[in-house]
Number of protein chains: 2
Amino acid sequence: MLSQSIEDYLKIIYKLQHGSDAPTQVTTSLLAERMGVTAASATNMIKKLAEMNLLEYAPYKGVALREAGEKIALETIRHHRLIELYLSEALGYSWDAVDAEAERLEHAISEEFEERIDKMLGYPTIGAHGEPIPNKNGQIEEQTYARLSDIERGQRAVVKRVSDRDAAMLRYMNDMGLRLGTVVKVCEKAPFKGPLTLLIEEDQPRTLGLEVAHHIFVDPIR
Amino acid sequence: MLSQSIEDYLKIIYKLQHGSDAPTQVTTSLLAERMGVTAASATNMIKKLAEMNLLEYAPYKGVALREAGEKIALETIRHHRLIELYLSEALGYSWDAVDAEAERLEHAISEEFEERIDKMLGYPTIGAHGEPIPNKNGQIEEQTYARLSDIERGQRAVVKRVSDRDAAMLRYMNDMGLRLGTVVKVCEKAPFKGPLTLLIEEDQPRTLGLEVAHHIFVDPIR
DNA sequence: ACTTTATTTTAGTCAAGACTAAATTTACCT
DNA sequence: AGGTAAATTTAGTCTTGACTAAAATAAAGT
Ligand SMILES: [Mn+2]
Ligand SMILES: [Mn+2]
Ligand SMILES: [Mn+2]
Ligand SMILES: [Mn+2]
């Protein structure tokens, strides 16, 4: 069994490699920042993971997962997303609370637990924040959505996915009526990186900061 | 937050102090055996826990929980038993599989998780193997049942609790039709610590070894 | 009471995974 | 091209919780 720490490192590297922010290189400092450790600690772990053949390491350049490492990362991500969805669907958690809980549980559940909640949820492929859930074989369908902040004025779009990094932001979105599947129309876009004015589900127009809009992924309608 | 290891030590000490096997003293070696570590390791941890005022330590004599230690032990036991019951009731786990899963999850869940499954289960007071579940305030109703191995010939009794230490034994009991609430009648008791012959729920007579009967706790009828 | 044995503690190591401070490498700017 | 700043690695520590081997203590037997 791999340690909790190793699973988290691999998971974060995977997300950095495939995420929508898509850095060219997955650097030590980026990894350290996401893990909440110092760069020196990250270097230590990187060397260890390279030694275990879980990743490719070019000193001073960055890291990239090898097949074995990616396998573990995807397995951990699968756990995380299935658990999040389960907490939300079966236990009534709000979508801003599931991430913190899943962050610990993902390392503690057995394959039996994974299978049972998978079945109970009807073998879902989309998680609580709209993320794709890797299947049992570690296959995942990476999505490419537009950011709400990039949508043209006048355009309508469906919310498909949100970033789960900031719980407070998720709570705010929820209070605004922004959920998965919500239809929004961009009424106004203030200049100089100003806020958007949105029509959420044909309701009252609401103002939304660009920072938040940047973390909402949508599918434009027609 | 206390480490997983500390929670397990405290939990085991509590169970040794209050269990039905009731040793006079909770010794280092007993604790070490239950934790699956060497006696030296147990001594180390004991000294640390004594330092933290979680237990009373008399070198060469044994340990006893102090109030703060017992609080933590009961909280951990509450987690364990709620999780076991949840796995069994909500996820369809068999009673021989719940312990291993709960052993890890008990350290990973939040108070919110605890509260949600508690509510979902209807605030239960009896766990999957018949154990009492400590309440939110750490109060527990310790039970005293007879062992099936001590029941007189001809006597009938209801199965109230089983030991969850050996998964294979639980599987065996289950296959014999022995569950919580099952009514059994002792037809025969072979001499020289021989097996019992049982009538389980008025079905065919079955033979049961004394070792297994020792781990089944019952309430005699009338 | 003395001796043997079993239990427990002490002493010294180890691995994992973090940290700080110092050294090194890379990148960038003039 | 040389100089500076930022990023990264190295070196050395620390804490946690294990381990083994050796020493100390308690218990039991004659
Ligand atoms: Mn998440
Ligand atoms: Mn995690
Ligand atoms: Mn149990
Ligand atoms: Mn445990």
Side-chain angles (χ1 to χ4, degrees), chain A residues 1-13 16-17 21-65 68-69 72-73 76 103-104 106-108, chain B residues 1-13 16-17 21-65 68-69 72-73 76 103-104 106-108:
Chain A
M1 244 293 146
L2 291 160
S3 76
Q4 186 156 322
S5 201
I6 288 178
E7 289 183 350
D8 279 336
Y9 271 97
L10 294 173
K11 184 180 70 168
I12 289 177
I13 294 168
L16 287 173
Q17 282 187 283
D21 321 301
T24 321
Q25 299 272 12
V26 177
T27 64
T28 301
S29 51
L30 201 50
L31 186 48
E33 188 247 315
R34 293 299 176 86
M35 278 298 294
V37 301
T38 62
S41 301
T43 301
N44 265 346
M45 182 56 92
I46 285 169
K47 284 163 78 175
K48 180 177 164 183
L49 296 176
E51 191 59 46
M52 295 167 82
N53 281 310
L54 297 176
L55 49 77
E56 201 82 56
Y57 173 42
Y60 293 101
K61 293 299 174 57
V63 299
L65 292 182
I72 296 161
T76 307
E103 199 52 58
R104 285 170 282 105
E106 64 189 357
H107 313 289
Chain B
M1 245 292 148
L2 292 161
S3 76
Q4 185 156 321
S5 200
I6 288 177
E7 289 182 350
D8 279 336
Y9 271 98
L10 294 172
K11 185 181 70 168
I12 289 177
I13 294 169
L16 287 173
Q17 283 187 282
D21 321 299
T24 320
Q25 300 273 11
V26 176
T27 64
T28 302
S29 51
L30 201 50
L31 185 49
E33 187 246 316
R34 292 298 176 86
M35 277 299 293
V37 301
T38 62
S41 302
T43 301
N44 265 349
M45 181 56 91
I46 285 169
K47 284 162 78 175
K48 181 176 164 186
L49 297 175
E51 191 59 46
M52 295 167 81
N53 281 312
L54 297 176
L55 50 77
E56 200 82 58
Y57 173 41
Y60 293 102
K61 292 300 174 55
V63 300
L65 293 181
I72 297 160
T76 308
E103 199 52 57
R104 285 170 283 107
E106 64 189 356
H107 313 289

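Quick caveat: nothing in here was measured; it's all calculated off a predicted structure. Every chain is numbered from 1 and lettered A, B, ... according to where its sequence line falls, protein lines coming before strand lines.
If you measure from atom CD1 of B/I46 to atom C1' of C/dT8, you get 9 Å, rounded to the nearest angstrom. Between B/M52 atom CE and D/dT15 atom C1' there is a gap of 13 Å when expressed in whole angstrom units. Spacing between atom NZ of B/K47 and atom C1' of C/dT9 amounts to 7 Å, rounded to whole angstrom units. In this structure, A/Q25 places its CD atom 15 Å from P of D/dA7, rounding to the nearest Å.
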Without placing hydrogens or testing angles, list every side-chain donor-acceptor pair under 3.5 Å for residues 33-42 of chain B, not counting sequence neighbours.
unit_1 : atom_1 : unit_2 : atom_2 : d
B/T38  : OG1    : B/S41  : N      : 3.3
B/T38  : OG1    : B/S41  : OG     : 2.9

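Listed by chain and number, the residues in a side-chain hydrogen bond (donor to acceptor under 3.5 Å, both in side chains) with A/S3 amount to none (sequence neighbours excluded). Considering only residues two or more places apart in sequence or on other chains, B/K61 meets the side-chain contact (heavy atoms from CB on, under 4.5 Å) condition with B/A58. Checked against side-chain hydrogen bond (donor to acceptor under 3.5 Å, both in side chains), B/E103 has the following partners two or more places apart in sequence or in another chain: B/K11.
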> How does each nucleotide of nucleotides 15-22 of chain C score, in 5' to 3' order, for protein heavy atoms under 4.0 Å: base (B), sugar-phosphate only (S), or none (-)?
Replying inline: -SSBBB--
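Within residues 56-63 of chain B, the residues that have a heavy atom under 4.0 Å from DNA chain D are, in order of number, B/Y60.
Contact annotation: the side chain of A/L31 never approaches that of A/M45 to less than 4.5 Å [non-hydrogen atoms, C-beta and beyond].
For the side-chain contact (heavy atoms from CB on, under 4.5 Å) test with B/L49, the passing option among B/I72, B/L54, B/N44 is B/L54; the others fail.
Here B/S29 lies in heavy-atom contact (under 4.0 Å) with sugar-phosphate atoms only.
Using a distance-only test at 3.5 Å, with no hydrogens or angles considered, a donor-acceptor pair links the side chain of A/Q17 to the main chain of A/L65.
Smallest separation of non-hydrogen atoms from B/G62 and B/Q25: CA-OE1, 4.4 Å.
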